[in-house]
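Please read the structure below before turning to the comments.
The chains referred to below are lettered A, B, ... by the order of the sequence lines, with proteins before strands, and numbering in each begins at 1.
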Number of protein chains: 2
Amino acid sequence: MRGEDRRELIMQAAMKVFGDYGYVGATTAQIARAAGVSQPYVVQAFGTKEQLFLAVIERALQSLLGAFARVVESDRDAPVGPEHPTLSARLGAAYVDQLNEPGLLLSLMHAFVLGKDHTIGPAGRGGFMQVYRYLRDAAGFSPEEVRAFLAEGMLINTMIGLRMIDEFDTDADARELLAGSFERKLDQVRRLAADSASPPR
Amino acid sequence: MRGEDRRELIMQAAMKVFGDYGYVGATTAQIARAAGVSQPYVVQAFGTKEQLFLAVIERALQSLLGAFARVVESDRDAPVGPEHPTLSARLGAAYVDQLNEPGLLLSLMHAFVLGKDHTIGPAGRGGFMQVYRYLRDAAGFSPEEVRAFLAEGMLINTMIGLRMIDEFDTDADARELLAGSFERKLDQVRRLAADSASPPR
DNA sequence: GTCCTTAGTGATCGAACGATAACTTATCTC
DNA sequence: GAGATAAGTTATCGTTCGATCACTAAGGAC
């Protein structure tokens, strides 16, 4: 296989494993297993574990911004009116759709709590601010609207990171919280979560 | 020193170190150094690193709920009117005040992204739902209000985890985002962040 | 058909980490 | 004051992990 294609497979596997176990918790051996290659190859293909993580974060960010851009693009000729979804709602749906790429939002979230790290910190801050500026400048949100939108996103990340959906059948309050968080996307998220039921480490 | 007092010191040190480096990234040796004891004593005093982390999470949760309870308690005879802060604003201020205990909110946040872990996951979900129920039932919020409040909290956690305040002097957009996130508490948070400037690992 | 580049593996190394064991010191009890 | 108990340390062990090294196989160029 071509090197670049193999690197692509490794990156997808890494995204998933980093999302599940965090930057420190994930091991290159786990990633290698998930990608179907040997452990040294994972390291050699990206230099170091840290560089692989940074590549995953960068990829995740570009995926998110690309999805937002497609929504904003199509917003020009979208119908308006009380019965049509707002731009904010459509961007929110695009955000939740990122869950289709396993580990994408969670890898970002793991980066967001490692701001103290001298390498990951700047990357995380820069990425977050890139999203902030895009929503404000390209989507036309006010600073207050951006903040509210991002806050909803961070709550969604937390619900996913906590695997709160595991409590859906057993806790009515969790059900209430999840329903409010995902709204029309709830069933889709439930299906995705069911597919990725925890395998053994 | 009495064992219980020493355990208290270790727990505070652990809260700080876990907040900085995460559950996996933090080492018992770092915690020991921060607490002024030997590494084996940290382990022996709490059984395992995992049990120490769970104790930290439990402590953090009780601190948060206690602060909320004091606000709700004092809310009965609080003045109302347009020029007085709402209950939500006062609870938000109590939340930000938790930053006075180093690592408290961040240790919680680290637990919130480890939902896959068979031990930390249930503890994190249970703790989060405990806060949810308290805000809804004791503070009298509607489900929608609780969700919005928690979302703001998760954004605050993200700002802290990213150390976004480090960009305050260099990035006007970060300044704008931080001003919206912390409002009247911004100066207080800035002072706290300046105090805990990153020491070497 | 030889040569060189690319893709990839197996073996292994050194460092770091959590945990355990054995020991020391101080305090309190009878 | 002997003996027990609690507090805490030093030394060390086994495991795990990221990284490195040496090697092999495949394929294209000439």
Side-chain angles (χ1 to χ4, degrees), chain A residues 1-57 107 110-111 114 116-120 123 199-201, chain B residues 1-57 107 110-111 114 116-120 123 199-201:
Chain A
M1 184 181 296
R2 279 181 43 222
E4 198 171 337
D5 297 344
R6 188 72 74 183
R7 280 171 53 101
E8 178 60 33
L9 288 182
I10 293 174
M11 197 130 90
Q12 283 182 24
M15 197 174 263
K16 181 168 161 44
V17 177
F18 279 133
D20 281 347
Y21 303 105
Y23 169 56
V24 186
T27 72
T28 56
Q30 283 177 301
I31 295 168
R33 221 173 304 139
V37 297
S38 65
Q39 177 266 334
Y41 194 61
V42 170
V43 174
Q44 190 236 31
F46 288 86
T48 64
K49 178 186 176 184
E50 186 179 63
Q51 286 179 295
L52 172 55
F53 185 66
L54 291 173
V56 165
I57 294 305
S107 290
H110 279 288
L114 292 181
K116 195 173 179 103
D117 185 281
H118 293 343
T119 308
I120 299 172
R201 316 193 29 157
Chain B
M1 186 180 293
R2 276 180 46 220
E4 197 172 337
D5 297 344
R6 188 71 74 183
R7 281 172 53 103
E8 179 59 33
L9 287 182
I10 293 174
M11 197 129 93
Q12 282 183 24
M15 196 175 264
K16 181 167 162 43
V17 176
F18 278 134
D20 281 347
Y21 302 104
Y23 169 57
V24 186
T27 73
T28 55
Q30 284 177 300
I31 296 169
R33 219 172 305 137
V37 297
S38 66
Q39 177 266 332
Y41 193 61
V42 169
V43 175
Q44 190 236 32
F46 287 87
T48 66
K49 179 187 176 183
E50 186 179 63
Q51 287 179 294
L52 171 55
F53 185 67
L54 291 174
V56 165
I57 294 304
S107 289
H110 279 287
L114 292 181
K116 196 172 179 102
D117 185 281
H118 293 343
T119 308
I120 299 172
R201 313 195 27 157

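In this structure, R33(B) atom CZ and dA16(C) atom C1' are separated by 12 Å, rounded to whole Å. As a whole-Å value, the separation of R7(B) CZ from dA7(D) P is 10 Å. For the pair E4(A) CD and dG8(C) C1', the interatomic distance rounds to 17 Å; values are reported in whole Å. When the C1' atom of dC17(D) is taken as reference, atom CD of Q30(A) falls 11 Å away, rounded to whole Å. L9(B) places its CG atom 14 Å from the C1' atom of dA7(D), with the value rounded to the nearest Å. Summarising the geometry, the separation between CZ on F46(A) and C1' on dG18(D) is reported as 16 Å, rounded to the nearest angstrom. As a whole-Å value, the separation of E8(B) CD from dA7(D) C1' is 17 Å. Per the geometry, CD1 belonging to I10(A) stands 11 Å off P belonging to dA7(C), to the nearest Å.
Taking each heavy atom of R7(A) and A45(A) in turn, the nearest pair found is NH1-O, 2.5 Å. Residues V17(B) and A34(B) approach most closely at CG2-CB, 4.2 Å, considering heavy atoms. Shortest non-hydrogen contact noted between T28(B) and V42(B) is O-CG2, 4.1 Å.
Distance from the side chain of T27(B) is smallest for dC17(C) among the nucleotides dC17(C), dT9(C), dG8(D).
No side-chain donor-acceptor contact under 3.5 Å links S107(A) to the backbone of F18(A).
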For a quick test of your reading: what N or O donor-acceptor pairs under 3.5 Å do the side chains of residues 49-56 of chain B make, sequence neighbours left out?
unit_1, atom_1, unit_2, atom_2, d
K49(B), NZ, Y23(B), O, 3.0
K49(B), NZ, V24(B), O, 3.2
K49(B), NZ, A26(B), O, 2.8
E50(B), OE2, T119(B), OG1, 3.4
Q51(B), OE1, T48(B), N, 3.4

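The phosphate of dT9(D) (OP1 or OP2) has no side-chain N or O of Y41(B) nearer than 4.0 angstrom. Contact between the side-chain N/O atoms of R6(A) and the OP1/OP2 oxygens of dG8(C) is found at a separation under 4.0 Å.
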Nucleotides 19-26 of chain C: protein proximity per nucleotide (B base, S sugar-phosphate only, - neither; heavy atom, under 4.0 Å): BB------

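Using a 4.5 Å cut-off on side-chain heavy atoms (C-beta onward), Y41(B) and I10(B) make contact.
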Under the side-chain contact (heavy atoms from CB on, under 4.5 Å) criterion, do H110(B) and L114(A) qualify, and how do the steps go? CA-CA 9 Å; H110(B) 279 287; L114(A) 292 181; 4.1 Å; yes

